[in-house]
Amino acid sequence: MYSEKVMEHFSNPRNVGEIPDACGTGEVGNPVCGDIMKIDIKVENNIITDIKFKTFGCGAAIATSSMVTEMAKGKTIEEALKITKQAVADELDGLPPQKMHCSNLAADALHKAIEDYKNSQGKLAANPNNL
């Protein structure tokens, strides 16, 4: 049912945890299946230098969270925004059709973390003395 890569990322997930001083945080959930994902990013010079996730969900949800963090780490913000749900699934050598919603959550959580980062940058630029 699952590829070897899915099983590997489920059994040995990468980048698990939180970043206390994260530059951006994205949290998404799917009420139908109950999966919840949170992704924190650290950004320096427009590059995602660190990324961590916490996921409550099935094996596919954990695997896609792990994979999306691996795909985004070291990328520019613009490159990371191009990571799609299909790209995550492809990188894991596919997911069963009924589990594709899990990869949607992983890409969505990453994009929300980037959006949060961009919003905080806009606020800092508007009020540079209000740190």
Side-chain angles (χ1 to χ4, degrees):
M1 180 169 172
Y2 291 116
S3 72
E4 284 184 35
K5 276 190 180 179
V6 170
M7 295 307 295
E8 170 59 24
H9 276 269
F10 167 67
S11 300
N12 301 295
R14 283 71 156 175
N15 306 305
V16 175
E18 294 178 288
I19 301 175
D21 57 343
C23 298
T25 298
E27 192 166 340
V28 296
N30 183 327
V32 175
C33 65
D35 293 341
I36 299 169
M37 294 178 186
K38 179 183 170 206
I39 290 183
D40 292 331
I41 59 172
K42 187 79 170 173
V43 180
E44 294 174 21
N45 298 318
N46 201 46
I47 295 175
I48 297 175
T49 57
D50 198 9
I51 183 167
K52 302 273 188 219
F53 80 92
K54 282 190 151 186
T55 294
F56 176 81
C58 67
I62 293 167
T64 57
S65 298
S66 174
M67 180 54 79
V68 85
T69 63
E70 288 286 284
M71 293 171 72
K73 197 172 199 173
K75 299 261 192 303
T76 66
I77 291 297
E78 294 76 22
E79 290 169 332
L81 279 170
K82 293 178 184 173
I83 297 172
T84 64
K85 58 187 175 188
Q86 190 60 54
V88 175
D90 290 348
E91 200 65 32
L92 286 167
D93 295 334
L95 287 169
Q98 67 272 25
K99 293 297 182 178
M100 273 302 290
H101 66 274
C102 300
S103 66
N104 293 356
L105 287 181
D108 289 349
L110 172 63
H111 294 166
K112 280 196 171 210
I114 292 169
E115 183 181 322
D116 184 48
Y117 163 71
K118 285 182 160 189
N119 286 340
S120 71
Q121 292 303 294
K123 289 174 189 164
L124 288 176
N127 295 313
N129 297 322
N130 191 14
L131 300 177

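One is the number of the first residue; the rest follow in order along the sequence.
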Across all chains, not counting sequence neighbours, the side-chain hydrogen bond (donor to acceptor under 3.5 Å, both in side chains) partners of Glu4 are none

For Lys112, the salt bridge (Lys or Arg N to Asp or Glu O under 4.0 Å) test, sequence neighbours excluded, returns none

Between Met37 and Thr64, is there a side-chain heavy-atom distance shorter than 4.5 Å? yes

Residues at least two apart in sequence or cross-chain that pass salt bridge (Lys or Arg N to Asp or Glu O under 4.0 Å) with Lys54, listed by chain then number, are Glu18

Across all chains, not counting sequence neighbours, the side-chain hydrogen bond (donor to acceptor under 3.5 Å, both in side chains) partners of Lys52 are none

Exercise. Taking the side chain as every heavy atom from C-beta outward, state whether Ile83 and Val68 have any atom pair closer than 4.5 Å.
Key: yes

Hits for side-chain contact (heavy atoms from CB on, under 4.5 Å) against Ala113, two or more places apart or cross-chain, chain-then-number order -> Ile39, Ile41

Residue set satisfying side-chain contact (heavy atoms from CB on, under 4.5 Å) with Asn45, at least two apart, ordered chain then number -> none

| task | Compute whether any side-chain donor of one residue and acceptor of the other, for Thr25 and Asp40, lie under 3.5 angstrom apart. | result | yes

Which pairs would a plain distance check flag for residues 87-95, meaning a side-chain donor or acceptor within less than 3.5 Å of a matching protein atom at least two apart in sequence or in another chain?
{"residue": "Asp90", "atom": "OD1", "partner": "Gln86", "partner atom": "NE2", "Å": "2.8"}

* Is any side-chain heavy atom of Val16 less than 4.5 Å from a side-chain heavy atom of Phe53? -> yes

Practice prompt. Measure the shortest side-chain to side-chain distance between Tyr2 and Lys99 over non-hydrogen atoms and say whether it is less than 4.5 angstrom.
Written response: yes

Check your understanding: Would you call Lys85-Asp108 a salt bridge at under 4.0 Å N-O?
Key -> no

side-chain hydrogen bond (donor to acceptor under 3.5 Å, both in side chains) filter on Lys75, not counting sequence neighbours, yields none

Residue set satisfying side-chain hydrogen bond (donor to acceptor under 3.5 Å, both in side chains) with Glu70, at least two apart, ordered chain then number -> Asn15

Contacts satisfying salt bridge (charged side-chain N to carboxylate O under 4.0 Å, His left out) that involve residues 5-15 (not counting sequence neighbours) are Glu8-Arg14

